[in-house]
Amino acid sequence: MRLSRSLIPTLKETPSEAQIASHRLMLRAGLVRQTASGIYAWLPAGWKVLQNIARIVAEEQEAVGTQAMLMPTIQSADLWRQSGRYDAYGPEMLRITDRHQRELLYGPTNEEMLTDLVRSGLKSYRDLPQMLFHIQWKFRDEVRPRFGVMRGREFLMKDAYSFDLDYDGAVISYRKQMLAYMRTFQRLGLKAIPMVADTGPIGGNLSHEFIVLAPTGESGVFFDAAFEEIDWEKASFDSESPADLERFFQLATEAYAATDEKHDEAEWAKVPADRKREGRGIEVGHIFYFGTKYSEPMGLTVSGRDGAAVVPHMGSYGVGVSRLAGAIIEASHDDAGIIWPDSVAPFPAVIVNLKPGDEACDALCEQAYAAFKGKALYDDREERAGAKFADADLMGHPWQIVVGPRGAKTGMVELKRRATGEKVELSLADALAKIG
RNA sequence: CGGGACGUAGCACAGCCUGGUAGUGCGCCUGCUUCGGGAGCAGGAGGCCGGAGGUUCGAAUCCUCUCGUCCCGACCA
């Protein structure tokens, strides 16, 4: 993308409504614009980020056997009356009436809808287990939206649902999802730690929140440093092997980790002092098992081995996709701007032409731009060098290929790694090779 | 939902108390000089002062209502 022809409106000053780093930087880097309280438009660069996150989330879901699908945003009130949640949900649910006075709602979640959908498709115990997910916009009419996309009213969410014959099966599904989550967050460049969460009336220990470590996070967290060393991508766990899942679950849950609300001083005292870590975190995902809470009242049954009706056990698994965009920035930025992990950056690199109009600069830049097949950002604007450097740092491209009149004559560029600030002079070919 | 603020140019803000031709900085446009970390000079465009009523000869300014946005608390992917 050529910056001179792109809608990436960077701002030198911070709009007054933005309080926290990610919100400020998302506005300043031209990623999003607010259109109403807690509702955001994703501008071209922001949309690329969101798609990158969604793609990784989806890939890891499919890697553990979750099927991708898409359910609508608008749902019927009748569906929610079947589970009893229509009245229980409260004013957070946006209720809508159509021209025929039918009661509709903008979905805050999809348990009812999917349970309804699978009712006619799942007939026999042979049809189980099933895991399905979609990535769709949700709406929750938060009393007080804030922190930009981290707590908006409209948000993009991955929600997955599992259907199993019994509790033991549900545990397998639950662990598969947890494995997918650890891999997902690591690919997104995040340190995420699963922490035991409230299970409410369901009970048991099958509810975990995933907390991303970020100094500006909303909740305090306490955890064992053991989590810092685990490489979930390299660790080989076969999601089809119950034994591997067991081993994985042990590893992911045995060390101490808790948010301040669930903090247990007695357990904390058992953690060796040199492994104690305290910090702040942002919740980016939540998984839980809820048994037959929806399948039972909504009449979802399959025939069991003996021919009798069996009510499937369910679980649901959420990831705040749009929230992650903010969380990643909270976890990865400096005074100059965003520092995108390679996997989610809107552009792998920016090509900074320090002197548009200079024959050598233009030619070398075009050559570099062509090498990325249009996927890089080419800053071809008639701006001063300082402004371009500032914008490049602000937007957080992982690599900056700086082309100036001095080096261009001999085909040399300066390659800067945003994360480290390291700069080296080398030929364009070497620079491209280094970026890979 | 309780408490507190704020709506004036694309962004940040002053002006309001004490009514009298709507301002400053950044950004934008033109020209010249500059040109490797947000340049200098000169000229220029851009505002129904959130909206509706009212008071007044006259309202950004005073009064009433309304809409919107933000902050603190309780709540949430």
Side-chain angles (χ1 to χ4, degrees), chain A residues 7 9-20 23-24 27-28 30 33-39 53 57 89-93 107-110 135-160 181 185 192 197-198 200 207-212 218-219 259 261 281-288 316-327 335-337 352-358 361 379 381-395 400 402-408 412-414 416 421 423 425:
Chain A
L7 184 71
T10 58
L11 301 171
K12 208 160 149 183
E13 292 180 84
T14 303
S16 57
E17 75 258 24
Q19 299 300 313
I20 61 163
H23 191 192
R24 281 201 304 269
L27 291 170
R28 287 194 52 214
R33 284 290 116 99
Q34 176 168 293
T35 60
S37 180
I39 301 179
I53 296 169
V57 170
Y89 215 92
E92 275 202 341
M93 184 153 75
T109 178
N110 287 67
I135 294 176
Q136 178 62 289
W137 294 95
K138 304 276 189 293
F139 194 93
R140 289 182 198 166
D141 198 359
E142 297 284 343
V143 214
R144 193 184 159 207
R146 61 185 132 164
F147 304 149
V149 300
M150 294 230 294
R151 200 180 310 166
R153 291 192 293 172
E154 188 184 52
F155 55 96
L156 190 63
M157 181 176 172
K158 184 284 299 183
D159 40 327
Y181 275 43
F185 296 131
D198 273 323
S207 175
H208 285 87
E209 294 178 340
F210 293 80
I211 306 283
V212 162
E218 301 172 61
S219 39
T259 55
E261 302 105 59
I282 301 162
E283 184 186 350
V284 292
H286 196 167
I287 62 178
F288 50 94
S316 80
Y317 315 91
V319 170
V321 174
S322 48
R323 169 178 280 195
L324 272 166
D335 289 344
V352 182
N353 189 340
L354 288 185
K355 195 168 185 184
D358 177 277
C361 283
D379 189 349
R381 297 172 303 169
E382 303 276 349
E383 284 289 343
R384 300 173 58 81
K388 294 192 176 199
F389 290 135
D391 272 347
D393 287 346
L394 172 63
M395 289 188 259
Q400 298 174 12
V402 180
V403 178
R406 281 203 311 253
M412 299 294 280
V413 302
E414 182 186 272
K416 174 175 167 183
K423 298 184 224 180
E425 291 254 353

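Below, chain A is the first sequence line, B the second, and so on; all start at residue 1.
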*Scan A:E283 against the nucleic acid and name what it touches under 4.0 Å (heavy atoms): base, sugar-phosphate only, or nothing.*
sugar-phosphate
*Using a 4.0 Å heavy-atom cut-off across all strands, classify A:G90 as base, sugar-phosphate, or nothing.*
nothing
*What is the distance, rounded to the nearest whole Å, between atom CG of A:L27 and atom C1' of B:G10?*
13 Å
*Side chain of A:S37: nearest nucleotide among B:C11, B:C70, B:A74?*
B:C70
*Whole-Å distance between B:U69 C1' and A:R146 CZ?*
15 Å
Would you list the atom pairs, donor with acceptor, under 3.5 Å between side chains in residues 9-19 of chain A and any protein atom, with sequence neighbours excluded?
from, atom 1, to, atom 2, distance (Å)
A:T10, OG1, A:D391, OD1, 3.2
A:T10, OG1, A:D391, OD2, 3.3
A:Q19, NE2, A:S16, O, 3.4

_Nucleic acid footprint by protein, nucleotides 27-40 of chain B - heavy-atom cut-off 4.0 Å, B for base, S for sugar-phosphate alone_ = SS-----B-BBBB-
*Just by distance, do the side chain of A:R153 and the backbone of A:S37 share a donor-acceptor pair under 3.5 Å?*
yes
*Short side-chain donor-acceptor distance under 3.5 Å, A:Q136 and A:D159*: no
*Rounded to the nearest Å, what distance is computed from the CZ atom of residue A:R151 to the C1' atom of nucleotide B:C70?*
15 Å
*If you measure only the distance, is there a donor-acceptor pair under 3.5 Å linking the side chains of A:H286 and A:S207?*
yes
*For the pair made of CE in A:M150 and C1' in B:C76, what is the distance, rounded to whole Å?*
13 Å
*Atom CZ of A:F288 and atom C1' of B:C76: how far apart are they, to the nearest Å?*
12 Å
